[in-house]
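Here the structure comes first, spelled out in structure tokens, and everything after it is commentary.
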Amino acid sequence: MENYNSLITKQKSFFRTETTKDVLYRLDALQKLRNAIKNNEKVLMDALREDLNKSEFDAYTSEIGFVLEELRFTIKHLRSWIKPKRVKTPITHIGSSSFILLEPYGVSLIMAPWNYPFQLAIAPLIGAIAAGNCAVIKPSELTPKTSEVLGTLIRDLFPEEYITVVQGGVETSQALLNEKFDYIFFTGSVPVGKVIMEAAAKNLTPVTLELGGKSPCIVHKDANIKLAAKRIAWGKFTNAGQTCIAPDYLYVHKSIKDQFLQQFKEVTIELYGQQPLNNKNFTRIVSERHFQRLCSFLDNGEKFMGGGSNQEKLTIEPTVLTNVTWNDPIMQDEIFGPILPVLEYAELPEVLVGIHRHPKPLALYIFTENNAVQQEVLNSVSFGGGCVNDTVYHFVSPYLPFGGVGNSGIGAYHGKGNFDTFSHQKSVLKQTTLFDIPFRYPNVKNGLKKIKLFMK
Ligand code: NAD
């Protein structure tokens with residue numbers, strides 16, 4: 001197994017020079033990264049096409065454009081974010097002032113998955129740089145072209161002791177996890193998230209875990225069916241369903257189920273054509289293993305639409321399965337593919353009971369015009385984040401911290417949340433030396449009585 005001790009030691013020494021804390025250095029790094037991404041747009045698009053058959057539209061909106069926006073937002077606000085924050089001081093601390101300093105953790109490890117292989121490596125890096133950290137990035141081994149472009153881009157921009165990319169698979173991850181990092185930011189599956197947290201626990205390294213799970217999507221009887229169908233089809237089939245916050249399964253009210261499904265079929269054809277397997281812009285499944293795993297679900301329940309696949313191209317048609325139950329294999333784990341199982345319900349409590357029996361999801365979507373129903377669902381279910389009357393769109397707002405809860409993850413990022421994640425809040429009390437309050441000490445007459453006037 002490879003040993004990364006000398007690399008981490010190098011980064012730690014560089015961090016100690018305080019170079020990375022200089023705001024001009026951080027802004028310069030962010031700007032360089034932004035320019036390089038713009039200059040490499042075509043190379044990145046080609047790599048994403050080769051790894052996943054991502055269309056240029058998808059590559060730009062969900063990977064390149066997304067990180068450019070995150071960079072622009074961060075560059076614009078960084079100077080205000082890094083300012084020490086003055087806070088109030090209680091009467092018991094009279095004479096002193098209080099403030100919070102934001103400091104970088106040090107050397108951070110960023111581990112990324114394959115489904116948005118560029119964006120999910122670069123977005124956390126933006127937070128790491130903005131907060132003043134050094135970083136080691138471990139991209140996914142399942143998208144080798146994009147990981148290679150990422151490696152070259154970073155190598156051309158930054159010295160190894162500041163930011164570097166380490167390529168490799170599970171063994172490489174494990175070797176990296178043997179080192180003592182100051183922060184670990186992991187995006188990936190729930191089982192590997194547990195491995196990461198266990199490794200981090202050995203050194204008490206703080207972590208962000210961006211994980212997955214089965215994200216429900218509810219279509220209530222009073223939903224705007226046309227828009228619901230379009231927004232769900234888009235959120236589910238973008239990237240061939242290989243999106244951590246894609247609607248995993250649908251709960252549709254039985255009174256509108258047929259009408260909704262008919263509409264859903266129509267919009268899916270509008271989006272991807274009559275023969276999506278021949279659509280040269282439909283994303284493929286990342287590997288043979290995942291392709292086989294997904295194909296094994298195709299005989300669950302009843303096929304309402306789709307169901308076709310092409311083993312050579314590793315593509316699967318947008319598929320809807322009805323008459324599915326929680327006992328079917330497709331309902332046991334996150335699907336992560338273009339297959340949408342549909343459950344129906346008569347009363348909302350059935351939905352809530354069904355969701356509550358399972359781990360807290362990363363996302364939840366509710367389509368209804370009824371405020372009371374919206375509130376009931378939002379109050380009752382714990383989930384990472386989500387939308388009312390939309391899917392996936394919450395992900396792209398820099399004002400909404402993005403992350404999971406419980407099984408779907410720990411911590412959040414994006415926008416200021418990204419900077420906050422990679423910053424330690426150092427609380428400082430600055431005491432006066434002009435006077436000293438005597439009754440804080442144990443040897444003062446009637447000290448306790450006086451203390452009780454303030455601490456009650
Ligand atoms: P994964 O957990 O298999 O891999 C993620 C990273 O961990 C990769 O870099 C991989 O090399 C490494 N890894 C794999 N096995 C490891 C092990 N045993 N020890 C140490 N490192 C290991 O995830 P994936 O298949 O690449 O991605 C799909 C998963 O990621 C889905 O569950 C999805 O929901 C989740 N995801 C979450 C988000 C989010 O933002 N919350 C975003 C995208 C994907």
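We count ligands from 1, going down the list as the structure has it; atoms in each ligand are counted the same way.
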Do the side chains of D328 and T325 get nearer than 4.5 Å, heavy atoms only?
-> yes

Hey, which residues fall under 4.0 Å of ligand 1 on heavy atoms?
-> M111, A112, P113, W114, N115, L120, K138, P139, E141, V170, S173, F186, T187, G188, S189, V192, V195, E210, L211, G212, C244, E334, F336, L362, F402

So which heavy atom on S147 is nearest to which on P139, and how close?
-> OG-CB, 3.5 Å

Tell me yes or no: between the side chains of Y345 and H220, is some donor less than 3.5 Å from an acceptor?
-> yes

Quick one: do K214 and E334 make a salt bridge, cutoff under 4.0 Å?
-> no

May I ask you to say whether K54 pairs ionically with E63, meaning some side-chain N is under 4.0 Å from a carboxylate O?
-> yes

Using a strict 4.0 Å threshold on nitrogen-to-oxygen distance, state whether E103 and K426 make a salt bridge.
-> yes

